[in-house]
Amino acid sequence: ETEGNGAACEKIGFSGSVVSKTSTISLKETVIIDFFSHADVVKVEPPAGDPARLLPPFANDIVDRERSLPFANANLNKRSISLDPALPGDAATLRALIASADILIEALGIGQLTTLGFPPDALDALNPTLVTVNITPFGQWGPYAGYRGGDAVAAAMSGFMTNQGDDERAPVAPPCE
(Lines give C-alpha, C1' and ligand atoms only; values in the text may rest on other atoms or scores of the structure.)
Protein backbone atom coordinates (compact mmCIF):
# COMPACT_ATOMS: atom_id res chain seq x y z
CA GLU A 1 0.00 0.00 0.00
CA THR A 2 1.36 3.45 -0.81
CA GLU A 3 0.43 6.97 0.14
CA GLY A 4 1.64 9.73 -2.17
CA ASN A 5 5.38 9.46 -2.73
CA GLY A 6 6.11 7.63 0.55
CA ALA A 7 5.69 3.96 1.28
CA ALA A 8 3.18 3.18 4.00
CA CYS A 9 4.66 0.05 5.46
CA GLU A 10 5.88 -1.50 8.65
CA LYS A 11 9.35 -2.97 8.91
CA ILE A 12 11.31 -4.86 11.51
CA GLY A 13 15.07 -4.96 11.51
CA PHE A 14 17.75 -7.00 13.22
CA SER A 15 21.31 -5.83 13.80
CA GLY A 16 24.24 -7.79 15.22
CA SER A 17 23.09 -9.54 18.37
CA VAL A 18 20.47 -6.82 18.49
CA VAL A 19 17.37 -6.43 16.42
CA SER A 20 17.55 -2.99 14.80
CA LYS A 21 17.13 -1.26 11.51
CA THR A 22 20.77 -0.61 10.86
CA SER A 23 24.03 -1.06 12.66
CA THR A 24 26.10 1.89 11.47
CA ILE A 25 25.67 5.42 10.19
CA SER A 26 26.39 5.40 6.47
CA LEU A 27 25.09 6.71 3.19
CA LYS A 28 23.17 3.47 2.77
CA GLU A 29 21.42 4.05 6.09
CA THR A 30 20.54 7.63 5.18
CA VAL A 31 18.96 6.40 1.96
CA ILE A 32 17.01 3.72 3.86
CA ILE A 33 15.81 6.25 6.45
CA ASP A 34 14.78 8.76 3.75
CA PHE A 35 13.02 6.07 1.71
CA PHE A 36 11.10 4.82 4.74
CA SER A 37 10.51 8.18 6.41
CA HIS A 38 6.77 7.44 6.49
CA ALA A 39 7.13 3.85 7.64
CA ASP A 40 6.16 2.50 11.03
CA VAL A 41 9.55 1.09 12.06
CA VAL A 42 9.69 -1.37 14.95
CA LYS A 43 13.15 -1.92 16.40
CA VAL A 44 13.37 -5.21 18.27
CA GLU A 45 16.04 -5.18 20.97
CA PRO A 46 17.32 -7.93 23.26
CA PRO A 47 15.99 -7.95 26.84
CA ALA A 48 18.94 -5.88 28.11
CA GLY A 49 18.41 -3.35 25.32
CA ASP A 50 20.62 -2.31 22.44
CA PRO A 51 24.23 -1.85 23.62
CA ALA A 52 24.31 1.32 21.51
CA ARG A 53 22.11 2.91 24.18
CA LEU A 54 25.30 3.22 26.25
CA LEU A 55 27.31 5.12 23.61
CA PRO A 56 28.41 8.63 24.60
CA PRO A 57 27.92 11.51 24.37
CA PHE A 58 24.79 11.72 26.49
CA ALA A 59 22.26 14.54 26.59
CA ASN A 60 23.27 17.09 29.25
CA ASP A 61 26.20 14.78 30.14
CA ILE A 62 23.84 12.57 32.15
CA VAL A 63 24.81 8.92 31.56
CA ASP A 64 21.54 7.08 31.03
CA ARG A 65 20.31 4.43 28.56
CA GLU A 66 17.63 6.86 27.33
CA ARG A 67 20.03 9.79 26.80
CA SER A 68 22.60 8.44 24.31
CA LEU A 69 22.76 10.97 21.48
CA PRO A 70 24.19 8.54 18.86
CA PHE A 71 21.47 6.02 19.70
CA ALA A 72 18.75 8.66 19.54
CA ASN A 73 20.07 9.89 16.19
CA ALA A 74 20.24 6.40 14.65
CA ASN A 75 16.78 5.45 15.92
CA LEU A 76 14.77 8.59 15.33
CA ASN A 77 11.06 7.90 14.74
CA LYS A 78 11.32 4.19 15.54
CA ARG A 79 9.21 2.34 18.02
CA SER A 80 11.11 -0.15 20.15
CA ILE A 81 10.35 -3.42 21.87
CA SER A 82 12.59 -5.75 23.89
CA LEU A 83 12.17 -9.44 23.10
CA ASP A 84 13.96 -12.71 23.78
CA PRO A 85 12.98 -15.06 20.92
CA ALA A 86 14.01 -18.02 23.10
CA LEU A 87 10.97 -17.34 25.33
CA PRO A 88 7.68 -18.68 23.93
CA GLY A 89 5.71 -15.48 24.58
CA ASP A 90 8.37 -13.25 23.06
CA ALA A 91 8.74 -15.57 20.05
CA ALA A 92 4.96 -15.31 19.52
CA THR A 93 5.17 -11.51 19.66
CA LEU A 94 8.01 -11.52 17.13
CA ARG A 95 6.03 -13.88 14.86
CA ALA A 96 3.06 -11.48 15.02
CA LEU A 97 5.30 -8.52 14.12
CA ILE A 98 6.80 -10.42 11.19
CA ALA A 99 3.34 -11.50 10.02
CA SER A 100 2.21 -7.85 9.86
CA ALA A 101 5.43 -6.39 8.39
CA ASP A 102 6.18 -5.46 4.81
CA ILE A 103 9.96 -5.48 5.20
CA LEU A 104 12.33 -7.30 7.56
CA ILE A 105 15.88 -5.98 7.77
CA GLU A 106 18.25 -8.17 9.75
CA ALA A 107 21.99 -8.11 10.39
CA LEU A 108 22.34 -10.80 13.03
CA GLY A 109 24.92 -12.81 11.14
CA ILE A 110 24.64 -15.71 8.75
CA GLY A 111 22.27 -18.39 10.03
CA GLN A 112 21.35 -16.59 13.25
CA LEU A 113 17.78 -15.89 12.18
CA THR A 114 17.38 -19.62 11.49
CA THR A 115 18.92 -20.44 14.88
CA LEU A 116 16.32 -18.19 16.52
CA GLY A 117 13.57 -20.26 14.88
CA PHE A 118 12.93 -18.08 11.85
CA PRO A 119 14.38 -19.88 8.80
CA PRO A 120 13.37 -18.61 5.34
CA ASP A 121 10.52 -21.15 4.98
CA ALA A 122 9.07 -20.12 8.37
CA LEU A 123 9.23 -16.44 7.37
CA ASP A 124 7.47 -17.30 4.10
CA ALA A 125 4.77 -19.22 5.98
CA LEU A 126 4.23 -16.28 8.36
CA ASN A 127 4.15 -13.66 5.64
CA PRO A 128 4.42 -14.71 1.96
CA THR A 129 4.80 -11.09 0.78
CA LEU A 130 7.53 -10.20 3.29
CA VAL A 131 10.63 -8.62 1.77
CA THR A 132 13.67 -9.77 3.77
CA VAL A 133 16.96 -7.86 3.65
CA ASN A 134 20.02 -9.54 5.16
CA ILE A 135 22.91 -7.18 5.91
CA THR A 136 26.36 -8.73 6.30
CA PRO A 137 29.81 -7.19 5.89
CA PHE A 138 30.89 -9.69 3.21
CA GLY A 139 27.70 -11.30 1.88
CA GLN A 140 25.88 -14.54 2.65
CA TRP A 141 28.43 -16.89 1.04
CA GLY A 142 31.97 -16.86 -0.28
CA PRO A 143 35.39 -16.97 1.38
CA TYR A 144 34.78 -14.01 3.73
CA ALA A 145 31.08 -14.64 4.47
CA GLY A 146 31.65 -15.50 8.12
CA TYR A 147 33.94 -12.54 8.81
CA ARG A 148 32.78 -9.67 11.00
CA GLY A 149 33.39 -6.07 10.07
CA GLY A 150 32.41 -2.46 10.42
CA ASP A 151 33.21 0.90 8.85
CA ALA A 152 36.98 0.71 9.41
CA VAL A 153 37.17 -2.80 7.94
CA ALA A 154 35.10 -1.75 4.91
CA ALA A 155 37.31 1.31 4.37
CA ALA A 156 40.48 -0.79 4.63
CA MET A 157 39.33 -3.67 2.42
CA SER A 158 37.87 -1.40 -0.25
CA GLY A 159 41.12 0.52 -0.56
CA PHE A 160 39.51 3.79 0.54
CA MET A 161 41.74 3.94 3.60
CA THR A 162 44.88 4.11 1.44
CA ASN A 163 43.88 7.67 0.56
CA GLN A 164 43.69 8.71 4.22
CA GLY A 165 46.42 10.18 6.39
CA ASP A 166 49.84 11.16 5.13
CA ASP A 167 53.43 9.88 5.04
CA GLU A 168 54.15 11.44 8.45
CA ARG A 169 51.59 9.41 10.43
CA ALA A 170 49.79 6.09 10.54
CA PRO A 171 46.68 5.49 8.38
CA VAL A 172 43.38 6.64 9.83
CA ALA A 173 39.77 5.85 9.08
CA PRO A 174 37.58 8.62 7.62
CA PRO A 175 36.81 11.30 8.53
CA CYS A 176 40.37 12.54 8.82
CA GLU A 177 41.78 15.50 10.66
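Computed from a prediction, not measured in an experiment: that's the story for all the values here.
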Hphob cluster co-occupancy, Leu123 + Ile110, side-chain heavy atoms under 4.5 angstrom: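 Unlinked, Leu123 and Ile110 end up in two clusters.
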
Rounded at 0.5 Å granularity, tell me how far [atom1] in [X] sits from [atom2] in [Y].
X      : Y      : atom1 : atom2 : value
Leu83  : Leu116 : CG    : CG    : 11.0 Å
Arg67  : Leu54  : CZ    : CG    : 14.0 Å
Thr136 : Leu108 : OG1   : CG    : 12.0 Å

Salt bridge (Lys or Arg N to Asp or Glu O under 4.0 Å) against Arg53, all qualifying residues, sequence neighbours excluded: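 Salt bridge (Lys or Arg N to Asp or Glu O under 4.0 Å) list for Arg53, sorted by chain: Glu45, Glu66.
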
Any residue meeting ring-ring contact (aromatic ring centres under 6.0 Å, His included) with Tyr144, in chain and number order, not counting sequence neighbours: Phe138, Tyr147

Test item: Glu106 and Val133 side chains (from C-beta on) under 4.5 Å apart, heavy atoms: no

N/O donor-acceptor pair under 3.5 Å between Ser68 side chain and Leu55 backbone: yes

Heavy-atom closest pair, residues Arg65 and Gly49: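 Closest heavy-atom pair between Arg65 and Gly49: NH2-CA, 3.4 Å.
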
Minimal non-hydrogen separation, Pro137 against Arg148, with atom names: CG-C, 4.1 Å

Evaluation steps, side-chain contact (heavy atoms from CB on, under 4.5 Å), between Val42 and Lys78: CA-CA 6 Å; Val42 179; Lys78 294 179 194 172; over 6 Å; no

What pairs of donor and acceptor atoms, side-chain ones from residues 84-95 against any protein atom, are under 3.5 angstrom apart with sequence neighbours left out?
residue : atom : partner : partner atom : Å
Asp84   : OD1  : Ala86   : N            : 3.0
Asp90   : OD2  : Asp84   : N            : 2.8
Thr93   : OG1  : Gly89   : O            : 3.1

Where at least one partner belongs to residues 115-129, residue pairs that pass side-chain hydrogen bond (donor to acceptor under 3.5 Å, both in side chains), sequence neighbours excluded: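 Sorted result for residues 115-129: Asn127-Thr129.
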
Check residues 56-63 and write down every donor-acceptor pair under 3.5 Å in which the side-chain atom is one partner and the other belongs to a residue at least two apart or another chain.
none

